[in-house]
Student: 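Got a structure for you, questions after.
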Amino acid sequence: MNTTNVSSTVTWDEVDVGYQLPVHEREITAALIVGGAISATHDYAEVHHDYHAARKAGADNVFMNILTTNGLIGKYLTDWAGPTAKLKSITLRLAVPNYPGDVMTMSGKVSEKYEKDGEHLVEVEFGGKNSLGYHASGKAVVALERRKS
Amino acid sequence: MTLTRERINEFIGIQSERTEGPDKVCPQMIRHWCEVMEDNNPLYQEEEYARNSEYGEVIAPPMQVQVYTMSPIWPKAQREPNMMEKFVAELAEHGYTSIVATEQGQEYFEPMKVGDQISYQISVDKVSPEKQTARGPGYFVTFLYEFTNQRNEVVCKQTFTILAYNAISNE
């Protein structure tokens with residue numbers, strides 16, 4: 001298994017408000033949409049696996065469910081911060097759908113940096129954009145490690 | 001017949017019973033999740049790494065919490081429908097048969113470890129006035145979830161907003 005992210009821990013000391021997270025691109029395949037709905041999140045809503053049901057619901061094609069979007073954002077955050085970072089919260093709002101054949105570009109920026117209950121926290125404003133516009137945007141709070149002195 | 005505010009208010013603020021999810025937290029469901037997400041966080045799947053972490057063992061991705069409580073497509077749950085299910089049925093009766101999720105907020109507390117049994121309680125928190133949207137007329141409905149483990153510790157508090165709408169079909 002790939003363990004390259006083990007060493008890439010970001011510490012609280014090295015980020016400030018305005019810090020930009022690295023941009024990550026994810027191909028939106030039909031396998032990601034249907035596998036995300038049925039295999040990863042047990043969501044059998046027809047609009048996530050049945051083309052005609054999605055069309056009847058006013059969509060252009062099957063589209064990603066919100067739990068998969070949330071999972072991709074969580075992965076984006078810990079890929080950046082490393083496995084010692086702790087996800088405290090993720091709040092996201094969906095706009096345009098993720099359809100098969102598109103690419104979602106995820107970005108993020110540190111919008112707050114603070115201490116609370118002994119934890120060293122950052123708030124990240126994130127966005128996931130595809131060819132139609134913003135698919136998801138929101139805020140997450142992550143606890144980071146201190147730099148080892 | 002239109003859906004009156006008085007009728008809508010009958011569904012709001014009533015907490016469901018605590019409902020156990022069908023599967024305990026397990027390495028198989030963690031792997032299926034990580035496979036689709038392409039998430040290689042070693043806390044989720046690498047036992048040796050996780051043993052030396054603050055958790056002392058593998059944990060499930062916190063974002064996965066709701067997955068352990070999703071109703072199976074078969075067999076249908078043998079329980080009284082909760083207020084979310086009743087309200088979604090009420091909306092469907094009035095023509096708002098299509099549903100799309102629009103917002104989700106998760107706040108994480110206790111980590112999920114292999115063998116944990118996740119349960120949830122749900123209530124209808126708020127309902128918007130009828131809105132004209134690009135997909136058709138509909139209501140934004142926000143639900144509150146609380147997920148707990150078998151020790152009755154809170155794992156996650158979640159807000160979940162859907163748009164239930166009368167779709168303008170593309171077919």
Side-chain angles (χ1 to χ4, degrees), chain A residues 1-6 26 31-45 47 51-61 63 65-79 82-95 97 136 138-141, chain B residues 21-23 29 32-46 49-50 53-54 61-74 97-109 111 133-136 156-163 165-171:
Chain A
M1 189 172 291
N2 182 349
T3 58
T4 50
N5 61 355
V6 173
R26 183 66 187 265
L32 173 58
I33 288 167
V34 180
I38 293 178
S39 173
T41 68
H42 286 251
D43 179 350
Y44 282 93
V47 290
Y51 173 80
H52 294 288
R55 300 280 297 174
K56 278 186 190 139
D60 295 338
N61 201 337
F63 57 92
N65 69 334
I66 197 165
L67 299 188
T68 300
T69 303
N70 192 41
L72 293 176
I73 288 163
K75 165 195 151 62
Y76 173 64
L77 293 167
T78 55
D79 276 1
T84 56
K86 205 176 277 185
L87 295 171
K88 306 298 287 181
S89 67
I90 300 176
T91 303
L92 70 97
R93 177 175 295 207
L94 293 188
K139 289 179 179 177
V141 175
Chain B
D23 296 295
M29 286 173 67
H32 295 160
W33 170 282
C34 291
E35 176 184 5
V36 171
M37 302 299 165
E38 299 182 6
D39 194 334
N40 66 358
N41 189 326
L43 277 178
Y44 305 152
Q45 295 198 79
E46 287 179 38
Y49 179 87
S53 75
E54 66 173 290
M63 302 77 73
Q64 197 190 15
V65 58
Q66 191 176 3
V67 179
Y68 291 103
T69 67
M70 296 293 274
S71 298
I73 191 169
W74 179 92
T97 53
S98 294
I99 286 177
V100 64
T102 60
E103 283 182 58
Q104 181 180 36
Q106 290 187 327
E107 195 180 351
Y108 306 115
F109 300 93
T133 78
R135 291 166 179 267
C156 175
K157 291 183 179 181
Q158 173 172 285
T159 61
F160 196 83
T161 303
I162 61 166
L163 169 64
Y165 61 104
N166 191 343
I168 301 163
S169 175
N170 275 339
E171 296 240 306

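Predicted model only: the values in this text are computed from it and were never measured. Order of the sequence lines fixes the chain letters, A, B, ..., with proteins taken first and strands second; residue numbering starts at 1 for each chain.
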Student: At what distance, to the nearest 0.5 angstrom, does CG of B:Asp39 lie from CG of A:Leu72?
Tutor: 9.0 Å

Student: Out of the candidates B:Met37, B:Gln66, B:Gln106, B:Gln158, only one should pair with A:Asn70 under the side-chain contact (heavy atoms from CB on, under 4.5 Å) rule; please name it.
Tutor: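 Of the listed residues B:Met37, B:Gln66, B:Gln106, B:Gln158, the side-chain contact (heavy atoms from CB on, under 4.5 Å) partner of A:Asn70 is B:Gln106.
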
Student: Heavy-atom count check: over 12 atoms from other residues, nucleotides or ligands less than 6.0 Å from B:Arg135 CZ?
Tutor: yes

Student: Considering only heavy atoms and a distance below 4.5 Å, find which of B:Ile168, B:Thr102, B:Ile99 pairs most often with chain A.
Tutor: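 It is B:Thr102.
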
Student: Is chain A contacted by the side chain of B:Pro61, its backbone, both, or neither, given a heavy-atom distance below 4.5 Å?
Tutor: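 It is neither, since no heavy atom gets under 4.5 Å.
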
Student: For chain A, which candidate among B:Phe160, B:Tyr165, B:Tyr108, B:Tyr68 shows the most heavy-atom pairs at distances under 4.5 Å?
Tutor: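 Highest number of pairs under 4.5 Å: B:Tyr108.
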
Student: Distance from A:Leu87 atom CG to B:Cys156 atom SG, nearest 0.5 Å?
Tutor: 11.0 Å

Student: Heavy atoms only: give me the nearest A:Gly71-B:Trp33 pair and the separation to one decimal.
Tutor: CA-CZ2, 3.5 Å

Student: How long is the span from the CD1 atom in B:Ile162 to the CG atom in A:Leu94, to the nearest 0.5 Å?
Tutor: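 Answer rounded to 0.5 Å: 13.0 Å.
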
Student: Can you name the closest pair of heavy atoms from A:Gly35 and B:Val36 and give their distance?
Tutor: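 Scanning both residues, the minimum pair turns out to be O-CG2, 3.8 Å.
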
Student: Hey, what do you get for NZ (A:Lys75) to OH (B:Tyr44), rounding to the nearest 0.5 Å?
Tutor: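 Taking NZ in A:Lys75 and OH in B:Tyr44, the distance rounds to 10.5 Å.
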
Student: Any side-chain heavy atom of B:Leu43 within less than 4.5 Å of one from A:Thr84?
Tutor: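 Result no, sub-4.5 Å side-chain heavy-atom pair not found.
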
Student: Donor-acceptor check, side chain of B:Asn170 to backbone of A:Lys56, threshold 3.5 angstrom: yes or no?
Tutor: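 Judged by distance alone, no pair lies under 3.5 Å.
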
Student: Please classify the contact of A:Asp60 with chain B as side chain, backbone, both or neither, using a heavy-atom distance under 4.5 Å.
Tutor: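 Contact with chain B involves both backbone and side-chain atoms of A:Asp60.
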
Student: List the atom of B:Val67, the atom of A:Ala40, and the distance in Å for their closest heavy-atom pair.
Tutor: CG1-O, 3.4 Å

Student: If you look at every heavy atom in A:Leu67 and B:Gln104, which pair is closest and at what distance?
Tutor: CD2-NE2, 3.2 Å

Student: Could you tell me the separation between the CE atom of B:Met63 and the CG atom of A:Leu92, rounded to the nearest 0.5 Å?
Tutor: 11.5 Å

Student: Can you tell me which portion of B:Ser98 sits under 4.5 Å from chain A's heavy atoms? Options are side chain, backbone, both or neither.
Tutor: side chain

Student: Please flag which part of A:Lys139 lies under 4.5 Å from any non-hydrogen atom of chain B: side chain, backbone, both or neither.
Tutor: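 For A:Lys139, neither part sits under 4.5 Å from chain B.
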
Student: Quick one: of A:Thr91, A:Val141, A:Ile73, who has the most non-hydrogen atom pairs under 4.5 Å with chain B?
Tutor: A:Thr91

Student: Using non-hydrogen atoms and a 4.5 Å limit, figure out which bit of A:Tyr76 sits close to chain B: side chain, backbone, both or neither.
Tutor: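 A:Tyr76 has no heavy atom closer than 4.5 Å to chain B.
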
Student: When only pairs under 4.5 Å are counted, which of B:Met29, B:Glu35, B:His32, B:Glu38 shares the most heavy-atom pairs with chain A?
Tutor: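 Of the candidates given, the most pairs with chain A belong to B:Glu38.
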
Student: Sort A:Thr69 into side chain, backbone, both or neither according to what part of it lies under 4.5 angstrom from a heavy atom of chain B.
Tutor: neither

